[in-house]
Amino acid sequence: MQEHLKTNILNFKWPNSAPTIFLSLDDIEGSHPIHKSKFSKQIIEVFPETDLSHTDEIYTTFTKEKSNAPSIKLNLVDGRELRIYKQYLKHQLRNYFKSKEYIVVKNFVRDVQVWMPSLKGNTEHYNLYYKFSFKIQFAKLTDLPELIVSFDGTSKVLTTSVKDIEDTELIRRCVYGQKTFNYQMDLDTEEKEEFYNAIEFDKAFPIFSLPLARALNIPIEDPVRPSNKYQKYVALINNFATNYLFTDEFKAIFPFKNDAFIDVPRNRINHINPQLGLLEFGKDQYGNKNTHLVPKLAMNNLNPYKRPNNQNIKFFFVYHTSHQKVIKTFYNNLKFGVNSQKKYFKGIEAYVNIKATTSKEHFIEFTNENDPIPEITEQLENLSFDHDNVRYAAFYLSPFDKFTPNPEDREIYIRIKELFLNEGIVTQVVDYEKMVVNIENQYNFQFSLQNMVLAIHAKLGGAPWKLAVTDKKELVIGVGAFTNQGENRRYIASAFSFQNNGLFRKFEYFDQTETDLLAGSICKAIRDFTSVAEADKVVIHFYKEMSYEELKPIIEGMHSLGLKVPLYILNINKTEAEDIIAYDLNWNKKLMPVSGTYIRISENQFLLFNNARYPNSQRYADTDGYPFPIKIKISSPDEDAFEDADVVLELLTQVYQFSRLYWKSLRQQNVPITIKYPEMVAQIAPRFNNGVPEDAKNALWFL
């Protein structure tokens with residue numbers, strides 16, 4: 001059945017007559033700033049006696065007339081004045097929903113966000129709100145103005161006010177009237193001080209956070225995640241539009257062409273051949289290549305592409321005294337398969353085609369679960385390892401899960417990972433409580449063990465699979481990032497892959513301010529690659545839009561190498577693109593488009609769907625997930641970089657392929673490993689006390 005793709009965009013009509021706005025050089029009451037980037041020729045001519053070249057902002061009351069104020073009728077063909085028109089529409093949006101007494105804020109990309117109170121999700125401890133955002137754009141997907149309506153999730157606002165909370169250091173964002181504010185904001189301006197001093201604490205209500213909820217003894221429920229979030233998302237935006245947007249009052253501001261979300265224009269849709277995502281596994285006994293599209297199915301029958309280089313692999317356990325009894329059961333399941341369910345997991349040796357045994361003389365038992373590092377360190381120093389002949393992996397049975405409230409308890413895992421990595425030993429954390437539950441649920445346990453074994457195999461130096469189609473000599477460099485919320489600090493990391501086969505090469509990591517070091521690291525990778533092979537092109541997958549300051553030293557480095565091949569930058573939004581999505585009405589109401597579908601949403605900007613739904617496939621398991629698309633923007637500093645019409649498809653195909661090389665889970669990922677792996681490094685490595693050992697920078701210990 002042919003796809004029928006719709007998107008979350010509403011078309012509205014151009015105005016019959018462009019609005020006239022009133023301007024001022026002074027910030028008068030009720031005015032709004034117009035940044036100098038929007039100063040059009042018409043605006044400059046309105047102030048003939050003023051040199052606006054040294055003015056950062058002028059002001060407007062929009063269509064509200066002010067006596068003696070100059071005015072202009074917006075020219076909607078002029079790009080700068082079109083941006084002012086967009087600003088005017090956003091102002092009308094805010095005022096409309098504020099007049100209805102809803103909470104109206106800016107989301108993280110500064111679009112208008114409205115909080116709609118829930119009718120069913122409230123408790124005595126909090127009130128639930130559904131958040132919807134609006135983005136305005138002009139003739140990007142159609143020839144009309146476009147209003148993107150997106151669902152941004154939910155927020156819980158506590159019924160306990162700031163006035164009644166003692167531990168104020170746990171308070172973060174609060175709702176106050178129809179807006180939100182950060183209680184811990186820096187009072188570094190007169191405006192912020194004035195606002196803070198005016199807050200009535202009995203009317204300010206904190207937004208739910210886990211630390212605050214625990215302090216106030218609010219029951220914490222496990223989040224209920226829909227098996228198919230497309231269905232929830234589409235239902236919510238449709239209901240919101242029907243009840244709040246398709247009204248005469250709202251349509252007076254946004255006169256919709258139709259009271260319905262638009263179809264994706266057919267000329268904007270294309271598909272990557274799924275066979276280009278084909279994966280190569282281990283050869284059969286006759287030396288024939290084995291390939292498959294779906295690792296989850298392939299790994300039950302095919303061997304991994306490459307074993308770890310060391311033939312002798314030994315495991316040992318690091319555990320609390322109270323957990324000793326369960327180790328034998330866990331290891332038997334790991335070694336020989338889950339007793340009552342051997343359909344999908346017959347044991348580690350059968351699953352990843354290696355030989356492995358335990359090294360009981362290296363077991364480490366500790367008694368202090370809150371501070372085990374001294375005990376573990378002392379025992380580790382007294383052990384000897386045969387690193388010349390044996391590759392070791394340690395299973396750490398953690399008493400704490402990753403959501404444990406005490407940050408010091410969460411850091412124990414990082415300390416242990418660093419401690420053993422310095423000894424040349426990779427680690428695999430096992431959540432003890434989750435493991436016990438899994439052992440009781442034999443059916444689910446086999447799938448947990450599949451993922452765990454997959455990661456161990458890769459950490460030890462194996463390659464479960466690789467891309468089958470690797471006919472180009474391209475250097476692909478991935479740069480990802482992780483923001484440590486506690487430090488409010490971002491770390492970046494780069495991962496390298498050679499010849500487009502997706503096999504990991506090496507990584508480095510830096511503070512976000514160390515752009516020169518990042519550029520040097522990228523240039524070194526280019527130099528190493530070009531010293532042994534002629535590159536067709538250099539491709540950088542970047543977690544955000546690359547600035548000129550970040551790009552300039554890379555271009556200079558390529559010039560110094562005399563490298564005259566094109567450079568392409570792909571800004572890959574690692575968070576799923578929820579501001580603009582598309583959904584397929586012709587797939588049994590499940591809505592997710594076929595994997596490899598891509599939509600051009602503006603010049604060299606695309607939505608790409610990475611999932612496990614393939615053409616002509618009738619069956620789809622909910623456990624495979626329903627990932628949203630990722631957003632990709634392609635650019636190049638080279639003037640003739642896009643002369644070849646096929647280059648964009650090649651670059652999108654590369655992202656599609658690299659999303660199939662994740663070795664921590666069998667579930668299909670929507671983000672390529674060139675972004676995903678660096679993010680994982682940036683999340684862990686900067687928290688090490690002494691950095692990552694040099695010989696560990698070409699290993700996947702972070703999986």
Side-chain angles (χ1 to χ4, degrees), residues 12-96 98 104-113 133-140 144-148 179 185-186 188-195 253-254 544-552 571 602-605 633 635 637 639:
F12 61 98
K13 301 171 186 175
W14 292 105
N16 293 327
S17 178
T20 296
I21 65 169
F22 296 86
L23 304 170
S24 169
L25 294 174
D26 300 316
D27 185 5
I28 60 178
E29 184 179 353
S31 66
H32 304 268
I34 295 178
H35 188 260
K36 61 183 179 182
S37 62
K38 302 174 189 173
F39 291 178
S40 64
K41 181 181 179 183
Q42 190 177 192
I43 287 176
I44 293 170
E45 290 174 349
V46 159
F47 299 101
E49 297 179 3
T50 304
D51 181 5
L52 294 182
S53 61
H54 301 294
T55 302
D56 288 335
E57 292 177 334
I58 61 171
Y59 301 88
T60 178
T61 54
F62 292 121
T63 56
K64 186 174 182 181
E65 188 172 352
K66 290 290 183 179
S67 59
N68 301 320
S71 64
I72 62 168
K73 184 174 184 178
L74 290 175
N75 177 0
L76 302 187
V77 177
D78 184 294
R80 299 187 181 209
E81 293 188 20
L82 189 62
R83 291 172 61 197
I84 297 174
Y85 179 54
K86 178 178 178 179
Q87 187 178 345
Y88 168 62
L89 290 175
K90 288 175 72 172
H91 167 70
Q92 286 188 295
L93 259 176
R94 282 191 294 269
N95 282 354
Y96 176 82
K98 281 183 177 179
V104 181
V105 301
K106 294 177 182 177
N107 66 9
F108 72 100
V109 290
R110 305 188 68 78
D111 288 326
V112 177
Q113 185 183 80
S133 287
F134 299 93
K135 186 181 186 70
I136 299 166
Q137 60 187 30
F138 301 105
K140 290 288 184 71
L144 289 172
E146 298 159 359
L147 182 67
I148 302 173
K179 58 188 174 185
M185 62 184 166
D186 293 327
D188 51 3
T189 66
E190 186 176 330
E191 184 182 15
K192 288 181 180 178
E193 272 197 39
E194 190 175 299
F195 172 76
I253 306 171
F254 293 91
K544 66 177 182 66
E545 200 157 340
M546 211 169 193
S547 69
Y548 177 73
E549 289 74 20
E550 292 163 325
L551 189 56
K552 182 182 176 183
N571 162 220
S602 63
E603 187 66 28
N604 282 341
Q605 190 166 13
K633 184 176 182 180
S635 61
E639 290 182 6

Task: Side chains of Asn95 and His91 in contact at under 4.5 Å (non-hydrogen atoms) - done: yes
TODO: For atom NZ of Lys38, decide whether the heavy atoms of other residues, nucleotides or ligands shown that lie under 6.0 angstrom number more than 12.
DONE: yes
Open item on the list: For the backbone of Val104 and the side chain of Lys98, can you confirm whether one donor and one acceptor N or O come within less than 3.5 Å of each other?
Closed with: no
TODO: Find the distance between CD (Gln42) and CG (Leu23) and round it off to the nearest 0.5 Å.
DONE: 9.0 Å
Open item on the list: Run the salt bridge (Lys or Arg N to Asp or Glu O under 4.0 Å) test against Lys140 and tell me which residues pass, sequence neighbours left out.
Closed with: none
Task: Validation row: Trp14, Leu144 side chains within 4.5 angstrom (heavy atoms) - done: yes
- [ ] For the pair Glu81 and Ile72, evaluate side chain to side chain contact (heavy atoms under 4.5 Å, CB included) and give the outcome as yes or no after the intermediate values.
- [x] CA-CA 10 Å; Glu81 293 188 20; Ile72 62 168; 4.3 Å; yes
TODO: Output, in order, the C-alpha distance, side-chain angles, deciding distance and verdict of side chain to side chain contact (heavy atoms under 4.5 Å, CB included) for Ser37 and Arg83.
DONE: CA-CA 10 Å; Ser37 62; Arg83 291 172 61 197; 3.3 Å; yes
Task: Atom pair CD1/CD1 of Ile44 and Ile58 - distance to nearest 0.5 Å - done: 9.5 Å
Task: Closest heavy-atom pair and its distance - Lys73, Ala18 - done: CE-O, 3.5 Å
TODO: May I ask you to decide if the ring planes of Tyr88 and Phe62 are parallel, tilted or perpendicular, using 30° and 60° as cut-offs?
DONE: tilted
Task: Side chain proximity check, Pro145 to Tyr85, heavy atoms < 4.5 angstrom - done: no
Task: Parallel, tilted or perpendicular: rings of Phe138 and Phe12 (30°, 60°) - done: perpendicular
Task: Between Ser133 and Asn107: side-chain donor-acceptor atoms closer than 3.5 Å - done: yes
Task: Test item: Glu65 and Ser71 side chains (from C-beta on) under 4.5 Å apart, heavy atoms - done: no
Open item on the list: Please give me the minimum heavy-atom distance between Ser31 and Asp26, naming the atom from each residue.
Closed with: OG-O, 4.4 Å
- [ ] Answer whether the closest heavy-atom distance between the side chains of Thr60 and Ile84 falls below 4.5 Å.
- [x] no
Task: Side-chain heavy-atom pair Leu25, Thr55 within 4.5 angstrom cut-off - done: no
TODO: To the nearest 0.5 Å, tell me how far His54 NE2 sits from Lys36 NZ.
DONE: 10.0 Å
Task: Exercise: identify the closest heavy-atom pair between Glu57 and Tyr59 - done: OE1-OH, 3.6 Å
- [ ] Could you grab the distance from atom NZ of Lys135 to atom CG of Leu93, nearest 0.5 Å is fine?
- [x] 13.0 Å
TODO: Taking the side chain as every heavy atom from C-beta outward, state whether Ile148 and Asp111 have any pair of such atoms under 4.5 Å apart.
DONE: no
Open item on the list: List the residues meeting side chain to side chain contact (heavy atoms under 4.5 Å, CB included) with Thr189, not counting sequence neighbours, and say none if there are none.
Closed with: Glu191, Lys192
- [ ] Give the C-alpha distance, both sets of side-chain angles, the deciding distance and a yes or no for side chain to side chain contact (heavy atoms under 4.5 Å, CB included) between Lys544 and Glu550.
- [x] CA-CA 11 Å; Lys544 66 177 182 66; Glu550 292 163 325; 2.9 Å; yes
Task: Heavy-atom check, side chain of Lys66 versus side chain of Ile28, under 4.5 Å - done: yes
Task: No-hydrogen, no-angle side-chain donor-acceptor test under 3.5 Å, Asp51 and Ser53 - done: yes
Task: From Phe22 atom CZ to Lys64 atom NZ, the distance as rounded to the nearest 0.5 Å - done: 12.0 Å
Open item on the list: Working to the nearest 0.5 angstrom, can you tell me the gap between Gln113 CD and Arg94 CZ?
Closed with: 13.0 Å
Task: Partner set under side chain to side chain contact (heavy atoms under 4.5 Å, CB included) for Asn16, not counting sequence neighbours - done: none
